[in-house]
Asks: 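I am attaching a structure below and will ask some questions about it afterwards.
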Amino acid sequence: MAPNTFALNTLAETLRSEIPGSLRDHFRYEGQPALQQAYAALGHVIRTGECPFEYVRGTDLFSHLIARPELGQIFNNAMGRRIVDIGGGHGYLLARILRRYPEMRGLVELYQGDTLRRAGAGPDA
């Protein structure tokens, strides 16, 4: 690289919007002050069982996003290509969906053994 030139490293490349698997929108969403405040209230919510977002903002997350369309769009962009299969067992259904839509990413919750690896592997699952 020439002197006085700057370039992104491999990790920073994932923040570019035009690359496959970009994490840009996810980090834009997670970096929102309202979410940061909710995360910071962890001690309180562990002691009380309260919803962290409602505790710090006085409303639920989705009402907050509806009232702020620009934040709602960031949320939708961040979540738009992810599927979570709750109670997905071995992840066979999710693996079939990911084979059909390889641009998507998936996560199986309540998995056993190597289900997460197989279900999230994309077209080779």
Side-chain angles (χ1 to χ4, degrees):
M1 188 172 1
N4 298 320
T5 336
F6 300 92
L8 297 175
N9 64 23
T10 305
L11 184 59
E13 285 285 333
T14 64
L15 300 176
R16 293 178 51 200
S17 61
E18 69 277 3
I19 64 161
S22 170
L23 296 174
R24 177 181 179 267
D25 290 322
H26 180 76
F27 281 100
R28 288 184 67 209
Y29 170 68
E30 292 294 334
Q32 293 299 313
L35 267 94
Q36 295 298 311
Q37 293 166 352
Y39 295 147
L42 183 61
H44 172 80
V45 297
I46 287 173
R47 288 188 300 276
T48 66
E50 254 182 285
C51 172
F53 200 89
E54 290 178 15
Y55 170 67
V56 298
R57 302 302 281 192
T59 188
D60 66 277
L61 173 63
F62 294 106
S63 295
H64 180 78
L65 294 175
I66 289 168
R68 293 159 185 81
E70 70 286 354
L71 296 181
Q73 187 60 52
I74 291 171
F75 174 84
N76 288 338
N77 291 345
M79 302 300 162
R81 294 183 178 229
R82 290 170 180 80
I83 301 172
V84 178
D85 187 355
I86 307 294
H90 292 286
Y92 298 129
L93 175 61
L94 181 58
R96 290 187 67 159
I97 292 169
L98 294 176
R99 266 198 238 63
R100 174 73 172 86
Y101 301 97
E103 72 280 3
M104 308 231 14
R105 294 291 165 246
L107 172 69
V108 174
E109 282 292 332
L110 303 174
Y111 62 92
Q112 299 173 349
D114 66 344
T115 302
L116 179 60
R117 181 186 59 75
R118 285 185 282 125
D124 297 329

Asks: Testing the basics here: between A41 and V56, what is the closest heavy-atom pair and its distance to 0.1 Å?
Replies: CB-CG1, 3.7 Å
Asks: With a 4.5 Å heavy-atom cut-off, do I97 and M104 have their side chains touching?
Replies: no
Asks: If you take all heavy atoms of P52 and A38, which pair is closest and at what distance?
Replies: CB-O, 3.6 Å
Asks: Find out if a path of hydrophobic residues (ILVMFWY) with successive side-chain heavy-atom gaps under 4.5 Å connects I74 to F62.
Replies: yes
Asks: Kindly say whether H64 contributes a backbone atom to a donor-acceptor pair with the side chain of R68 at under 3.5 angstrom?
Replies: yes
Asks: Examine distances only and state if a side-chain atom of E13 and a backbone atom of N9 form a donor-acceptor pair shorter than 3.5 Å.
Replies: no
Asks: Check the hydrophobic clustering (I, L, V, M, F, W, Y; side-chain heavy atoms under 4.5 Å; chains of links allowed) and say if L71 and L35 are grouped together.
Replies: yes
Asks: State the CZ-NE2 distance between R105 and H26, to the nearest 0.5 angstrom.
Replies: 14.0 Å
Asks: Do you know the tightest heavy-atom contact between Y29 and L61?
Replies: OH-CD2, 3.4 Å
Asks: Output yes when a side-chain donor or acceptor of E30 lies under 3.5 Å from a complementary backbone atom of D25, and no otherwise.
Replies: no
Asks: Which atom names give the shortest non-hydrogen contact between L65 and F75, and what distance separates them?
Replies: CD1-CG, 3.5 Å
Asks: Does F27 have more than 12 heavy atoms from other residues, nucleotides or ligands lying within 6.0 Å of its CZ?
Replies: no
Asks: Apply side-chain hydrogen bond (donor to acceptor under 3.5 Å, both in side chains) to T14 and list each qualifying residue two or more places apart in sequence or on a separate chain.
Replies: none
Asks: Could you tell me which non-hydrogen atom of R16 sits nearest to which non-hydrogen atom of S22, and how far apart they are?
Replies: O-OG, 2.6 Å
Asks: Nearest 0.5 Å, please: how far is CG in L98 from CG in L93?
Replies: 9.5 Å
Asks: Is there a path from F53 to M79 through hydrophobic residues (I, L, V, M, F, W, Y) whose side chains come within less than 4.5 Å of each other?
Replies: yes
Asks: Rounded to the nearest 0.5 Å, what separates atom CD in E54 from atom OG in S63?
Replies: 8.5 Å
Asks: Please verify the inter-ring angle class for Y55 with H44; under 30° counts as parallel, over 60° as perpendicular, anything in between as tilted.
Replies: parallel
Asks: Is a side-chain N or O of R47 found less than 3.5 angstrom from the main chain of G43, in a donor-acceptor match?
Replies: yes
